[in-house]
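All values below come from the heavy atoms of this structure, side chains included, with hydrogens, waters and symmetry mates left out. Naming convention: chains lettered A, B, ... in sequence-line order (proteins, then strands); numbering from 1 in each chain.
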2 protein chains.
Amino acid sequence: MVSRTDAPTRREQILKEAARLFAERGFHGVGVDEIGAAVGISGPGLYRHFPGKDAMLAELLVGISGQLLTGARRRLAEADGRTGASEVLDSLIEGHIDFALDDRPLITLHDRELDRLRDSDRKLVRQLQRQYVELWVEVVREAHPALTEPAARSAVHSVFGLLNSTPHLGRAGTLPGRGTTATLLHRMARGAFAAAGTPED
Amino acid sequence: MVSRTDAPTRREQILKEAARLFAERGFHGVGVDEIGAAVGISGPGLYRHFPGKDAMLAELLVGISGQLLTGARRRLAEADGRTGASEVLDSLIEGHIDFALDDRPLITLHDRELDRLRDSDRKLVRQLQRQYVELWVEVVREAHPALTEPAARSAVHSVFGLLNSTPHLGRAGTLPGRGTTATLLHRMARGAFAAAGTPED
DNA sequence: CGAACCTGTTAATGAGCGTTAACCATTGCG
DNA sequence: CGCAATGGTTAACGCTCATTAACAGGTTCG
C-alpha cells in the first residue's frame, strides 16, 4: 500500500489545480494550457495523464460524490443502533462541514458544472448524489418526525445550500478561524432542521 | 409612462431567454445563435440590441443586485421605527424568498457568473451585493444581539445559501406548492439565525 | 415622394482552444 | 548495450464562436 505521506503524484497535482481553476473561472473558462502551467508542464502534456479535459472534470465530480456518500455511510454504520437519530444527524452535518471547509473548490464544482459531463458520467454522479440525499432524508425524518417526506427532502437540499456557502465566506482571510466557522455552521444547520420540523406560531 | 402590461419588448425577451440559457448551461456554454433562436431572430441580430454578449450578462447581474438592494431598502424604510428588528428581518427574508422563487435563473447566475464580467461591471455588482449584505447584517445583529459582527456576516451569507437553494428543489414539478415551500424556507431561515445567536448546550 | 432609421438577414473574418502528430530525453531492465 | 516505457516538448489541424460587413425590407415623417 502506498503511504499517505508520499509526494503527490502528477495526476493528483493536475486534479487539484484543475479543481481550483474550474471553480474559479468555470469549466469552459479555463484552457488546458493554464492547467498545464499550474503544474509546471505545458498544454498537451496533460494528455499523457488524461484522455481529455472532460475526463478531468468527470473524475473530480465522481470523486466528490463518492466521497460524500462513502463518508456518510461510514458515519451511519458507526452509530447504527447505539445512538439516536439526532446524534447521527450531528455526525452527518459534521462530515459535510469538514468537506465544505477543506475542499471549497470541489464543493463549488459539485453543483455548478454537472451539466458539462458526458451522459453516462452525469447519470453516475446524479445517482450518487441522490443516494446521499436519501440517506440524509431518512435520518432527518427520524430526528424530526413531524416532517413529511417532501418537506424533509426540501429541508435537506436547503441545508446543503447553507453548508455549501463556505466559498462565499471571505477569501480565507476574513474567516474567524476554522473551528469557529464550523461550530456556527453546525448550529445553524441544526436550528434550520429544528425550525422546519416545528411549525411554531 | 409605459404600462406594465405591454407586450415585452424585444430587449426584455432577449434578457429573459439569455438568463434562462446562462443559468442552464453557463455563460461560456451558450452561443449567441442559441440566444437569438430562443427569441426567433438569429445570431448576429442580437447586436442591434446589445453591444455584445458580455453586455447581456452585465445588464442581468447589475439588474439583479440592484433589485435586491432596492427591495430591501424599501422594506426597511416601510418598517422604520414602527416595528421591531425581528419583524424587519422577517420582511427581508420574505423578499428574498419571493425573488428566489420567482426568478430562479437569475438567482443561479447571481453567484455563478460574476467573474465573467468586465472589471468595472464586476466592481459595481460587488458593491451592490456588499450593501445588501451589510443591510442584512445590521438588522440581524439588532434582532440577535448575541452575534458578533463577523458571525452575523457569516450567518447572513449562509442563510443566502439556504434561500438560494431553490434551483435544487425539484425541477418545478416536484415542488409541494409555492406557498408551502416559501413557508418552509422562511421558518428554516429564522431557525438558522436563532440558532446562530443562541449557543445552547 | 424620399431619406433616414430601425431591425433583420447571410456571409466572412479572426481569434481561441481542444486535440493530435511528430519528435526527444531519461530511466529501468533483460 | 539495447530497447521499451514514460512523460515531456513544439508545431499543426480543425472546429467553434463572437463579432463585423454588406445588404435589404419596412415604417416614419419632412
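Inspection of the A:Arg11 and A:Thr9 side chains reveals no N or O donor paired with an N or O acceptor under 3.5 Å.
The minimum heavy-atom distance linking A:Leu184 with B:Ser154 is given by the pair CD2-CB, 3.7 Å. B:Gln13 and B:Pro8 make their closest contact through NE2-O, 3.8 Å (heavy atoms, listed as atom of the first residue, atom of the second, distance). Closest non-hydrogen pair, A:Met188 versus B:Ala196, comes out as CG-CB, 3.7 Å. Contact detail for A:Ser120 and A:Arg118: the closest heavy-atom pair is OG-NH2, 2.9 Å.
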Between side-chain atoms of residues 133-141 of chain B and protein atoms elsewhere (two or more places apart, or another chain), which donor-acceptor pairs fall under 3.5 Å?
residue, atom, partner, partner atom, Å
B:Glu134, OE1, B:Arg153, NH1, 3.1
B:Glu134, OE2, B:Arg153, NH1, 2.2
B:Trp136, NE1, B:Tyr132, OH, 3.3
B:Arg141, NE, B:Leu147, O, 3.2
B:Arg141, NH2, B:Leu147, O, 3.3

Show me the donor-acceptor pairs within less than 3.5 Å that the side chains of residues 123-131 of chain A make with the rest of the protein, sequence neighbours left out.
residue, atom, partner, partner atom, Å
A:Gln129, NE2, A:His110, NE2, 3.3
A:Gln131, OE1, A:Arg73, NH2, 2.6

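Counting to the nearest Å, the C1' atom of C:dC6 and the CZ atom of B:Arg11 are 15 Å from each other.
Shown for residues 113-120 of chain B: no residue has heavy atoms falling under 4.0 angstrom of DNA chain C.
Using a 4.0 Å cutoff to heavy atoms of chain A, the contacted part of DNA chain D runs 5' to 3' from D:dG7 to D:dA11.
Checked against A:Ser91 for a side chain to side chain donor-acceptor pair (under 3.5 Å), the options A:His96, A:Glu78, A:Arg75 give a single hit: A:Arg75.
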Subject >> B/S/- contact track for nucleotides 12-26 of chain C, protein heavy atom under 4.0 Å >> reply: ------SBB-BB---
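The pair A:Asp90-A:Arg190 counts as a salt bridge, with a side-chain nitrogen and a carboxylate oxygen less than 4.0 angstrom apart.
The side chain to side chain donor-acceptor pair (under 3.5 Å) check on A:Arg178 picks up A:Asp98, A:Asp102, with sequence neighbours excluded.
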